Structure formats: C-alpha cells, structure tokens
Number of protein chains: 2
Amino acid sequence: MARKKVTLAYITNDATRRATLKKRRRGLLKKVNELSILCGVSACAVVYSPQSDQPEVFPSSEEAKRILTELADLPEIDKNKKMVNQRTFLEQRLMKLSQQARRLEHENKELSTAVCLRQCLAGRSVESLSKEEAEDLLDLVDRKAKALQVRMHQLGPLMLPPVVDDVDVREMVSYDGAAIEAMRQYEWIQGGGGGVLLANRFI
Amino acid sequence: MARKKVTLAYITNDATRRATLKKRRRGLLKKVNELSILCGVSACAVVYSPQSDQPEVFPSSEEAKRILTELADLPEIDKNKKMVNQRTFLEQRLMKLSQQARRLEHENKELSTAVCLRQCLAGRSVESLSKEEAEDLLDLVDRKAKALQVRMHQLGPLMLPPVVDDVDVREMVSYDGAAIEAMRQYEWIQGGGGGVLLANRFI
DNA sequence: TTACCTATATATAATAT
DNA sequence: TATATTATATATAGGTA
C-alpha cells in the first residue's frame with residue numbers, strides 16, 4: 001500500500017512475500033489490539049506462518065481458544081444465518097462496489113447529457129446526436145421541466161421574466177437589470193449551481 | 001486515525017464507539033483477507049460485537065475452527081515458547097518503543113549540546129552553563145577533536161589554515177580567499193553539514 | 001537478515017447529508 | 001441509521017544501509 005498499489009494476489013517473490021507477511025502480520029495484530037480496547041469487545045486473530053514458524057495468536061492462545069470454543073458451540077443455524085464469514089463478507093463488498101459503480105456510471109451519464117444539452121444550446125444540431133444521446137437528452141430535459149413545474153407550483157403565481165433570446169451571457173452583464181433579475185429568479189427556481197439555465201426556450 | 005489522533009482507550013460515547021467498531025471491524029477483516037491472499041497463509045479473525053449481535057468470523061467459522069483446533073493440539077511447551085501472544089506482542093512493541101525513545105533522547109541531547117557549542121563560540125560565557133551542559137559540551141568537543149585527529153591522520157600532512165579569530169561569518173564573505181578556502185577545507189575534514197566549524201580554537 | 005526511510009496507499013475520525 | 005466527504009493518521013511497498 002505504498003510506493004505502488006499492490007494487486008491482491010499471491011506474492012511470488014520469496015523475500016518480498018516474507019517481508020510483507022511480517023509487516024502486515026504486525027499491523028494486523030496491532031489493529032486487533034486497538035479494536036478490542038477502543039470498543040471493549042473480545043476479538044482474536046491467528047496467523048500461520050509458512051514453514052516451520054509458529055502461528056501468531058492474539059490476544060493469547062487461551063483467549064483465542066475460548067472465543068473459538070464459543071463459536072463452535074453456536075448452533076449451525078445461527079452460524080449460517082447470522083455470522084459474517086468470508087463468503088458474506090466478500091458478497092457484501094461486491095454488492096457495495098457494484099452499487100458504487102452503478103452510481104458513478106449514472107452520474108457520468110448525467111454529466112455527459114448535460115454537456116450535450118449545453119452543446120445543443122450553443123448551436124449543435126440535434127441530428128448529430130446518437131440515438132442514445134438524444135434519448136438521454138430528452139429524458140433529462142423532461143425531468144428538468146417537471147421539476148421546474150413542481151417548483152413553480154410550490155411558489156404560486158410568479159412574475160414571468162421577459163423573453164430572452166439568443167443572448168450571450170457576457171452581453172447580459174450590460175443588459176437591463178430586469179432581465180438579469182429574471183434569470184436570477186429562474187436560477188433560484190431551478191435550484192442554482194449545476195443546473196442548466198433553460199430560460200424560456202425549453203427544448 | 002483521522003481528523004484527530006485517537007487515544008488507545010475505551011470509547012465511552014455510545015454512538016462513536018459503535019461507529020468505530022463497525023468501521024474498524026470491516027477494515028480488520030479486509031486486512032485478514034489481504035494477508036491470507038498476498039502471503040498464502042491461513043489466518044482467521046473473530047470479532048464479537050457487544051449486545052445481541054453475532055460475531056464476525058473470517059474467513060469462515062469452519063476455517064476458524066480448524067485453525068483453532070490445530071492451535072489446541074499444540075503441546076503446551078510450544079505454545080509458551082514459540083507463539084506470539086498478546087504479552088510477547090506488547091513486550092516487543094514496548095521494547096522497540098523504548099529503544100526509539102532512547103535514540104531520540106540521545107539525538108536530542110546531542111543537538112542541544114551543539115547549540116551550547118555554537119552559543120559559546122558566539123560569546124556565551126562557559127560559566128553560564130549548567131554542570132550537565134558543561135560536561136556534555138566537553139564530551140562533544142572531545143569526540144569532535146578525536147574524530148578530527150583520525151581524519152587528519154588518514155589524510156596525512158596538511159597545509160594548516162591561517163588563524164581566524166572572532167570573525168563574523170558575514171564579514172568573511174568579503175575577507176580574503178585563503179581564509180575562506182581554509183575553512184572550507186576544515187569543514188570537509190570534519191564531514192561537512194551539521195558539524196560545527198571549530199577552526200583553530202578548539203576549547 | 002534487520003532496521004530505517006520516504007512516497008503513496010489506505011484507514012478512519014469528525015462532520016455533514 | 002446509512003452514506004458521503006474531507007482532513008489526518010497509519011500502514012506499508014520498494015529501496016538503502
């Protein structure tokens with residue numbers, strides 16, 4: 001975990017593997033120690049060394065035996081139902097990672113679509129979009145519109161802003177205050193940052 | 001291990017302790033998993049949760065039982081002689097930390113003495129030193145002198161530098177080149193960086 | 001082999017959502 | 001309660017002595 005991201009696979013180089021075992025074993029026992037003290041729980045760990053070495057046991061072989069005996073005494077049903085073993089541990093991790101991947105993928109797609117929207121507003125022809133892009137864009141705009149309607153409904157009657165046609169925002173700086181205020185209002189309605197200013201040219 | 005260095009002691013706040021247990025337990029099992037894969041060793045860990053929760057076992061209760069059975073089968077002598085349990089683990093850590101503390105203390109003392117030396121060279125009266133400081137300083141200077149003699153002997157006959165009295169280094173910048181070169185030579189003899197330039201006014 | 005160093009990778013405490 | 005974020009603290013890989 002340093003100098004280089006290590007791949008989770010058996011280390012073939014002897015010296016490296018032994019060094020890693022030594023370092024990580026020490027680190028692991030330290031963690032077990034900390035956990036049991038910080039949280040006041042009983043915990044134990046056993047790590048076998050390869051060759052003739054003896055296992056390292058924490059916190060003591062007696063405590064480990066006691067804990068493992070309790071474990072053995074649990075009825076099979078409980079063991080399979082409630083315990084977290086390697087399989088469930090890995091399954092949990094996998095599930096969580098998958099979720100995260102999906103989230104990120106979705107987020108990525110939304111951002112891509114937002115880029116499409118801006119490009120189209122900036123003059124890109126809708127024909128140049130792929131089918132998927134077009135669908136996503138339609139969906140995005142649809143959702144934005146609905147959200148906007150909800151908010152407008154929540155706010156009740158509202159003074160509509162004057163129509164603003166293809167005006168470069170930079171020009172608006174020296175435009176009249178009413179239009180700018182209207183746009184501010186719109187931005188607020190849409191929730192501000194990150195939203196695309198659709199003004200009154202939806203679709 | 002973040003935002004604040006945590007003291008190794010039971011966490012009294014309930015919510016905090018539970019959150020810590022959850023996070024660290026997950027981290028611990030991840031480590032056991034990595035260790036067993038990276039180094040190809042069998043390892044297991046069991047962490048009991050407080051209340052009604054079930055223990056978390058890695059990699060599986062079967063494997064844990066198998067490992068602990070092996071453990072139980074070891075003769076008592078081996079267990080006490082070769083196994084690393086909590087006591088020996090803590091003793092090892094303590095020993096190592098003590099060594100480190102001694103090293104740092106010694107280093108610290110050397111640095112303090114070096115400061116004394118510089119102060120004295122800069123005009124501080126030797127009378128203002130405490131007995132211990134004076135002794136340390138004497139010792140330091142003695143060692144420096146011996147090291148210097150060794151190096152001079154190694155180098156053979158050497159052109160001695162001209163005497164340089166109480167001269168502010170800043171003045172020396174505009175001093176004559178010979179003196180500066182002599183000082184450089186001396187610094188080199190003494191090993192450079194960190195050494196105190198004693199010139200020819202030892203003691 | 002052991003210890004030490006240092007750049008990075010991870011773990012995680014406190015906090016916000 | 002769970003998750004996300006962020007600032008720090010630790011762990012540790014690869015090298016060196």
Side-chain angles (χ1 to χ4, degrees), chain A residues 1-39 41 43 45 47 49-53 56 58 84 89 92-93 95-108 110 191-194, chain B residues 1-39 41 43 45 47 49-53 56 58 84 89 92-93 95-104 106-107 191:
Chain A
M1 305 177 184
R3 291 295 175 112
K4 197 182 173 185
K5 181 184 167 87
V6 130
T7 313
L8 192 57
Y10 182 74
I11 299 169
T12 52
N13 181 284
D14 262 35
T16 305
R17 175 158 33 77
R18 262 183 258 163
T20 295
L21 174 61
K22 203 171 173 187
K23 282 183 176 184
R24 279 176 175 257
R25 190 169 49 189
R26 185 188 302 142
L28 188 67
L29 296 197
K30 184 155 173 260
K31 289 281 191 193
V32 177
N33 187 41
E34 291 179 352
L35 180 61
S36 61
I37 293 176
L38 288 171
C39 303
V41 300
V47 179
S49 299
Q51 348 260 25
S52 54
D53 278 338
E56 296 213 338
F58 198 93
V84 177
F89 169 72
Q92 284 175 5
R93 288 202 72 205
M95 192 164 49
K96 192 162 278 189
L97 289 174
S98 300
Q99 284 179 353
Q100 190 173 11
R102 274 199 299 281
R103 263 200 305 280
L104 290 175
E105 204 170 343
H106 182 259
E107 198 176 314
N108 190 36
E110 284 284 290
Chain B
M1 305 177 181
R3 291 296 176 107
K4 197 181 171 185
K5 183 185 165 87
V6 133
T7 314
L8 191 57
Y10 182 74
I11 299 170
T12 52
N13 181 284
D14 261 36
T16 304
R17 175 158 35 74
R18 264 184 256 162
T20 294
L21 174 61
K22 203 171 171 186
K23 282 183 176 183
R24 280 175 174 258
R25 191 170 48 190
R26 184 189 302 142
L28 187 67
L29 296 197
K30 183 155 174 264
K31 289 281 191 191
V32 177
N33 188 41
E34 291 179 352
L35 180 61
S36 62
I37 292 176
L38 288 171
C39 304
V41 300
V47 179
S49 300
Q51 347 258 26
S52 54
D53 278 338
E56 296 212 338
F58 199 92
V84 177
F89 170 73
Q92 284 174 5
R93 290 203 70 207
M95 193 164 49
K96 192 164 279 189
L97 289 175
S98 300
Q99 283 178 353
Q100 192 174 11
R102 273 200 300 280
R103 264 200 305 281
L104 290 175
H106 182 258
E107 198 175 315

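Computed from a predicted model, the values in this text were never measured in an experiment.
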NZ of B:Lys31 to CG of B:Leu35, rounded to nearest 0.5 Å, is 9.5 Å

Judged by nearest nucleotide, the residue sitting upstream toward the 5' end of DNA chain C, B:Arg3 or A:Lys4, is A:Lys4

ask   = Looking across every strand, which nucleic acid part, if any, lies under 4.0 Å from A:Lys5 by heavy atom: base, sugar-phosphate, or nothing?
value = sugar-phosphate

A:Arg17 CZ to D:dG14 P, in whole Å, measures 14 Å

Separation between CG (A:Leu21) and CG (A:Leu28), nearest 0.5 Å, reads 10.5 Å

Which of A:Asp14, A:Thr20, A:Asn13 passes side-chain hydrogen bond (donor to acceptor under 3.5 Å, both in side chains) with A:Arg17? It is A:Asp14

Testing C:dA14, D:dT10, C:dT6 for proximity to the side chain of B:Thr16, the answer is C:dA14

Original post:
Do any side-chain nitrogens or oxygens of A:Lys22 fall under 4.0 Å of OP1 or OP2 in C:dT1?
Top reply: no

Here the distance between atom P of C:dT1 and atom CG of A:Leu21, to the nearest Å, is 12 Å

Whichever of B:Lys23 and B:Leu38 has the more 5' nearest nucleotide on DNA chain D, that residue is B:Lys23

Checklist entry - Has A:Thr20 got a side-chain N or O lying under 4.0 Å from the OP1 or OP2 atom of D:dA13? => result yes

Here the distance between atom P of D:dT12 and atom CZ of A:Arg25, to the nearest Å, is 12 Å

Under-4.0 Å side-chain N/O to phosphate OP1/OP2 contact, B:Lys31 with D:dA11: no

Interatomic distance, CG@A:Asn33 vs CG@B:Leu8, rounded to 0.5 Å, equals 6.0 Å

From CZ of B:Arg24 across to P of D:dA9 the rounded distance in Å is 14 Å

Answer for the Watson-Crick or wobble partner of D:dT1, both distances under 3.5 Å, is none

Taken to the nearest whole Å, CG/B:Asn33 to P/C:dT10 is 14 Å

Is the shortest side-chain N/O distance from A:Arg26 to OP1 or OP2 of D:dA11 below 4.0 Å?
no

Here the distance between atom P of D:dG14 and atom CG of A:Asp14, to the nearest Å, is 15 Å

Nearest-nucleotide check on DNA chain D, B:Val6 vs A:Val6; residue mapping nearer the 5' end is B:Val6

Atom NZ of B:Lys30 and atom C1' of C:dT10 are separated, to the nearest Å, by 7 Å

Does some side-chain heavy atom of A:Lys22 sit less than 4.5 Å from a side-chain heavy atom of A:Arg18? no

Between CD of A:Glu34 and C1' of D:dA9 the distance, given in whole Å, is 11 Å

